[in-house]
Trainee: 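Before I ask anything, let me first share the structure, which is written out below as structure tokens.
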There are 2 protein chains.
Amino acid sequence: MPESHRPDIRKLDLFSEMSDENFQSLMHASYLQTFPPQIELITEGDSSDFLHVVVDGSVELFARWNNRETSVAIVRPISTFILAATLRDAPNLMSARTLEKSRIVLIPSEDVRRIFDEDNNFARAIVCELASGYRASIKKTKDLKLRTSLERLANYLLRQQIREGGGPEFQLQTEKKRLASYLNMTPENLSRAFKSLKPYGVEVDGSKITISNQSDLEKFARPSPLIDDKKV
Amino acid sequence: MPESHRPDIRKLDLFSEMSDENFQSLMHASYLQTFPPQIELITEGDSSDFLHVVVDGSVELFARWNNRETSVAIVRPISTFILAATLRDAPNLMSARTLEKSRIVLIPSEDVRRIFDEDNNFARAIVCELASGYRASIKKTKDLKLRTSLERLANYLLRQQIREGGGPEFQLQTEKKRLASYLNMTPENLSRAFKSLKPYGVEVDGSKITISNQSDLEKFARPSPLIDDKKV
DNA sequence: TGCAGTGATTGATAAATGTCAAACTCTCGT
DNA sequence: ACGAGAGTTTGACATTTATCAATCACTGCA
């Protein structure tokens, strides 16, 4: 793999504390590949041959069952995905597709597992990463089970607002179709849900959102650190 | 902590590979406590002072938001819970209550983290445990997002059937009220869902379930290893 | 520039799920 | 044995969410 992205990858919590030697060994075994949009990188059920690192573009993780499909996460640079399957040498539980032209580093799972065995700092970092991912997944379950779709949307908007800097105006970084699937609703319903949030001060213009009444929206959404906070 | 349960705890994947010395040290620092039914052991948001091990009885993990409550898991002997919060020294995301009189080993989180730092075998075991938990949580998300409540119930019954030995007759090990919450439905709806499954060969008598037409139920439920299998 | 294809919205309707009230059942302790 | 209280079931009804069909809006390409 060429060296250009190594410093950025090295900065990830997952890789920042491991020995130089082991990091270089991991990178040496990896491939950097560029994929066009809409390529299915992984199909659920496949064995997990590579730990993936998105260095450019974006990747959707989704799942299928019985002819239905749902969006589980959207991965943006720079982050890894499919770590748990890699470590357990188990089949991937989710499929992955590029949303746009994307550059992905593929680290062979064997090497990840080998260096996990050798490098204690790497093993510790993996524990942190897994614990975070696990907790994020629990939060998602709480969001799904405890909130109506309208409440999920309202809280999503507040989270997205923070990610985008906290101002009253920001962009949805996702097609509404995909956002609907992520929030477990139909596109039609999402469209209606946006209208239902208008009385609470949510204005929608294409993918531009304006929160014209922050406190009203927050009073409706009731965000909780135990569901919505990135940290914690 | 008295010694009687140590061999059983030692056999857990999480503890089986660590050094004797470190295991004894963990146990030495722990408490074995007996709790009456319906005691709230943990309230979400609390800091995670102890890793819990259920050695007898059963514990429900649940979450609250906005005056609503949902059942997330039921933990039966011998298993641990709240591992991710313990490791990250982060607040618990779920509350926990005893369902019946239960005996719980409380291992101070500090000691878990200390020995995690010292004992590489323990660290590896923790990675496996976290990866499994993470994957189980992803499966739960897929179950929730891709299936209707009727399909969730049908698949739950098939899973429970396997846990109980695989025969056509088995017991629900949970109150229906709690099962309803676990499956994200109301008790009224669960009651009706059981009736809707009758044409597929599901007979209900109190907490005794009889699957009188295995293949019809399976054809309806369409269980998937990537959602329903314990291993994988 | 215009056209095809996809995404987004809207309205009408259907299906799924929740709520409320009442009746019934079971368990447990007196 | 009895009664209180919780769990369960049932029916009637309300709300939420999905589906279907049509239209509109946007994008990219010939």
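Nothing here was measured: the structure is a model prediction, and the numbers come from that model. Residue numbers begin at 1 in each chain, while the letters A, B, ... track the order of the sequences.
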Trainee: Could you list the residues that satisfy side chain to side chain contact (heavy atoms under 4.5 Å, CB included) with A/Ser95, not counting sequence neighbours?
Mentor: A/Glu40, A/Thr43, A/Glu44, A/Phe62, A/Arg64
Trainee: Could you list the residues that satisfy side chain to side chain donor-acceptor pair (under 3.5 Å) with A/Lys139, not counting sequence neighbours?
Mentor: none
Trainee: Supply the atom-to-atom distance A/Leu226 CG to B/Asp46 CG, rounded to the nearest 0.5 angstrom.
Mentor: 9.5 Å
Trainee: Under a criterion of less than 4.0 angstrom to any heavy atom of chain A, what are the 5'-terminal and 3'-terminal contacting nucleotides of DNA chain D?
Mentor: D/dT17 to D/dC20
Trainee: List in chain and number order the residues that pass side chain to side chain contact (heavy atoms under 4.5 Å, CB included) with A/Pro223, two or more places apart in sequence or in another chain; answer none if no residue qualifies.
Mentor: A/Asn155, A/Leu158, A/Ala221, A/Asp228
Trainee: Report all interatomic pairs (protein N or O, nucleotide N or O of nucleotides 25-30 of chain C) with separations under 3.5 Å.
Mentor:
none

Trainee: Taking distance alone, no hydrogens or angles, what donor-acceptor pairs closer than 3.5 Å link side-chain atoms of residues 190-209 of chain B to residues at least two apart or in another chain?
Mentor:
| from | atom 1 | to | atom 2 | distance (Å) |
| --- | --- | --- | --- | --- |
| B/Ser196 | OG | B/Arg192 | O | 3.0 |
| B/Ser207 | OG | B/Gln171 | NE2 | 2.9 |

Trainee: Let me have the donor-acceptor pairs involving side chains of residues 75-84 of chain A, under 3.5 Å, with sequence neighbours excluded, atom names and distances please.
Mentor:
| from | atom 1 | to | atom 2 | distance (Å) |
| --- | --- | --- | --- | --- |
| A/Arg76 | NH2 | A/Gln173 | O | 3.1 |
| A/Ser79 | OG | A/Arg76 | O | 2.5 |

Trainee: Only pairs under 3.5 Å count here: list side-chain donor-acceptor contacts from residues 178-186 of chain B, not counting sequence neighbours, and write none if there are none.
Mentor:
| from | atom 1 | to | atom 2 | distance (Å) |
| --- | --- | --- | --- | --- |
| B/Arg178 | NE | B/Glu175 | OE1 | 3.2 |
| B/Arg178 | NH1 | B/Glu60 | OE1 | 2.9 |
| B/Arg178 | NH2 | B/Glu175 | OE1 | 2.6 |
| B/Ser181 | OG | B/Ser71 | N | 2.8 |
| B/Thr186 | OG1 | B/Asn189 | N | 3.2 |

Trainee: Answer yes or no: is there a donor N or O on one side and an acceptor on the other, between the side chain of B/Lys142 and the main chain of A/Leu93, under 3.5 Å?
Mentor: yes
Trainee: For nucleotides 4-23 of chain C, read 5' to 3', which letter fits each nucleotide if B means a protein heavy atom sits under 4.0 Å from the base, S means only the sugar-phosphate is that close, and - means neither?
Mentor: ---SSSBBB----SBBB---
Trainee: For A/Ile39, give me all partners under side chain to side chain contact (heavy atoms under 4.5 Å, CB included), at least two apart in sequence or on another chain.
Mentor: A/Phe35, A/Pro36, A/Leu41, A/Thr98
Trainee: Report the end-to-end axis angle of the helix from C/dT1-D/dA30 to C/dT30-D/dA1; each axis comes from five terminal pairs, and the value is rounded to 10°.
Mentor: 40°
Trainee: For A/Asp229, which residues count as a side chain to side chain donor-acceptor pair (under 3.5 Å) partner, sequence neighbours excluded?
Mentor: none
Trainee: Between A/Trp65 and B/Arg147, is there a cation-pi geometry (under 6.0 Å to ring centre, at most 45° from the normal)?
Mentor: yes
